[in-house]
Amino acid sequence: MDHVVEHLQSKRDDNLEQLFQLLKIPSVSADPAFKDQVLACAEKVRQQLTNAGLDGVRLLPSHGNPAVYAEKIIDSNRPTLLVYGHYDVQPADPLELWDSEPFEPVIRDEKIYARGAADDKGQFYMHVAAVASMIACDTLPCNVKFLIEGEEEVGSVHLGDIVEANRELLAADTILVSDTSMVANDVPSITTGVRGLSYLEVTVTGPNRDLHSGMYGGAVVNPINALCQMIATLHDDHGRVAVPGFYDDVVALDESERAGYAKVPFSEEVYSASLGVNSLAGEEGYTALERVGGRPTLDVNGIWGGYMGEGAKTVIASKAHAKISMRLVPNQNSQVISDAFKTHFESLAIAGTTVDVIYHHGGEPGLMPLDSDAYQAASQAYEQTFKKTPLPLRSGGSIPLVHMFKQKLGLDTIMMGFGLDSDAIHSPNESYGVFNFHRGAETIAWFHHFFANTK
């Protein structure tokens, strides 16, 4: 393996240049105006996988953006890894808050700044670089397949169809994903669970038109006031979600998991200061890290209604709206929780209003077994490159494909992410450490080595 690492180190500048070529393409899947750029990025990924020495490289079509597939089968008797990533990115808005152009990658303070640097172009390209070096050194120890999709940032709406149509092609022993983070560069960690998601929009309707607040105020229910009152009841005084049945199926954090969180070097004071708040909040009885990674939550993501332009306009709005997300933990089910929320929120309707709840999208939580061959190989790989045993920690984010892969392919997912919470993914000035990019590629190469030896 030493010569593979040496080869990776000799290719550091080339690998950064290949990543920069990806980052220059504004593959924003949420905005139809970028459709051609999204397709151009898929083509660039196809070219890079071909140049890396992989076989059978092709686009897998869907009713949306295509996925890119590639493989290197060295021996049908050897284990097979399926590497997943995504080439689409979040919108760069608000552009004025970027210190450099979001699609003109630059290196500052040993970080790569660009939209998609950490989420997920920088992280999936580590796998391409690692496999390319193993192929170049003729030491690829197991079979490898790639599935790089173009709709993760809009809910992977067609990925299930792609997987369903290509089950035999995608057959493997485990899924390998780098789309998560670790605690710190000197505190490696492996993501062992991700939260599910239920995302809904609510509308409260009052009068049949906007009304003059002087002529009608005090006689008609104000939908904005009503919506605020309803939202205020969604948590109790202890920070728990007050939707009946919300916690019925929750798998609680066990003592070993809580002990793992306790080992994380974390200061709530430093954390608060970094966010510009003077205190933290949440469910009583849990630390901030436990609440983010291992407990379910409900948050209002947007709220609007009435006049929001410059100056004054004194109206009672006809409608008020809010978008609400619930992050879920094993064994909660997104549809069950969505239905429970809808029933409960509609029951909160104030006389003089009607309530509508629209389901947008959701996904299921996932939990990785710590006794699997894949987890043990990952732990050995981090020990080899970071010289420390990685901490097993659940993530607060959602990766619905983990559950989907389990359902459709029967495979567990190992999540070897090398990002940091400070990477500002989805925000202006997204970045990814140069150290993380190179060390991640080396760790991935070692993972292939250890995983091949478990079979």
Side-chain angles (χ1 to χ4, degrees), residues 90 94 97 118-119 179-200 227-243 246-247 250-303 322-330 332 337 341 365 367 390-399 415 417 419-431 433:
Q90 282 276 318
L97 297 184
D119 183 21
D179 197 11
T180 53
S181 60
M182 58 184 185
V183 174
N185 285 348
D186 59 349
V187 186
S189 58
I190 299 174
T191 299
T192 57
V194 290
R195 294 196 288 188
L197 176 67
S198 169
Y199 193 85
L200 308 106
L227 176 60
C228 291
Q229 292 173 40
M230 296 165 69
I231 288 174
T233 69
L234 292 177
H235 292 87
D236 66 18
D237 293 339
H238 304 287
R240 287 172 61 88
V241 177
V243 174
F246 187 79
Y247 293 94
V250 168
V251 173
L253 289 166
D254 62 31
E255 290 306 312
S256 64
E257 287 180 296
R258 301 194 77 173
Y261 279 109
K263 293 177 182 177
V264 176
F266 178 80
S267 163
E268 293 199 355
E269 291 75 16
V270 173
Y271 183 71
S272 298
S274 72
L275 300 174
V277 297
N278 57 22
S279 66
L280 300 178
E283 185 182 5
E284 290 181 5
Y286 297 91
T287 67
L289 285 179
E290 290 171 341
R291 293 196 297 264
V292 168
R295 298 296 294 171
T297 56
L298 182 154
D299 285 290
V300 178
N301 304 129
I303 185 167
K323 293 189 177 183
I324 295 173
S325 67
M326 290 169 283
R327 299 286 178 167
L328 313 176
V329 299
Q332 289 180 299
I337 293 299
F341 176 88
L367 198 60
L391 298 175
L393 297 175
R394 296 194 203 178
S395 167
S398 298
I399 308 181
M415 290 171 278
L420 300 175
D421 289 343
S422 59
D423 289 341
I425 62 172
H426 294 205
S427 299
N429 298 309
E430 177 182 349
S431 66

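It should be emphasised that the depicted structure is a prediction, and the values quoted were computed from it without experimental measurement. Quick note: numbers below take in every heavy atom, side chains included, and nothing from hydrogens, waters or symmetry partners.
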Please find the pair of heavy atoms, one from [X] and one from [Y], that lie closest to each other, and give the distance.
X: S279; Y: S272; value: C-OG, 4.3 Å
X: A252; Y: E257; value: O-OE1, 4.2 Å
X: V187; Y: P265; value: CG2-CG, 3.7 Å
X: Y261; Y: L289; value: CE2-O, 3.6 Å
X: S431; Y: A118; value: O-CB, 3.4 Å
X: D119; Y: E430; value: N-OE2, 2.9 Å

Show me the side-chain donor-acceptor pairs of residues 292-301 shorter than 3.5 Å, one per line, residues at least two apart or across chains.
from, atom 1, to, atom 2, distance (Å)
R295, NE, E283, OE1, 3.0
R295, NH2, E283, OE2, 2.8
N301, OD1, S325, N, 3.2
N301, OD1, S325, OG, 2.9
N301, ND2, S325, OG, 3.4

Taking atom CG of D237 as the centre, does the number of heavy atoms from other residues, nucleotides or ligands within less than 6.0 Å exceed 12?
->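 Counting other residues, nucleotides and ligands, CG of D237 stays at 12 neighbours or fewer.
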Exam field: side chain Q332 to backbone F246, donor-acceptor pair closer than 3.5 Å = yes
Interatomic spacing from CZ in F341 to CE in M326 - rounded to 0.5 Å | 5.5 Å
I337 side, atom CD1; L197 side, atom CG - distance, nearest 0.5 Å |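 Reported value, rounded in 0.5 Å steps: 12.0 Å.
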Does any non-hydrogen side-chain atom of V194 lie less than 4.5 Å from one of M415?
-> yes
Given V329, which of V250, V251, L367 fulfils the side-chain contact (heavy atoms from CB on, under 4.5 Å) condition?
->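 Between V329 and the candidates, side-chain contact (heavy atoms from CB on, under 4.5 Å) is satisfied uniquely by V250.
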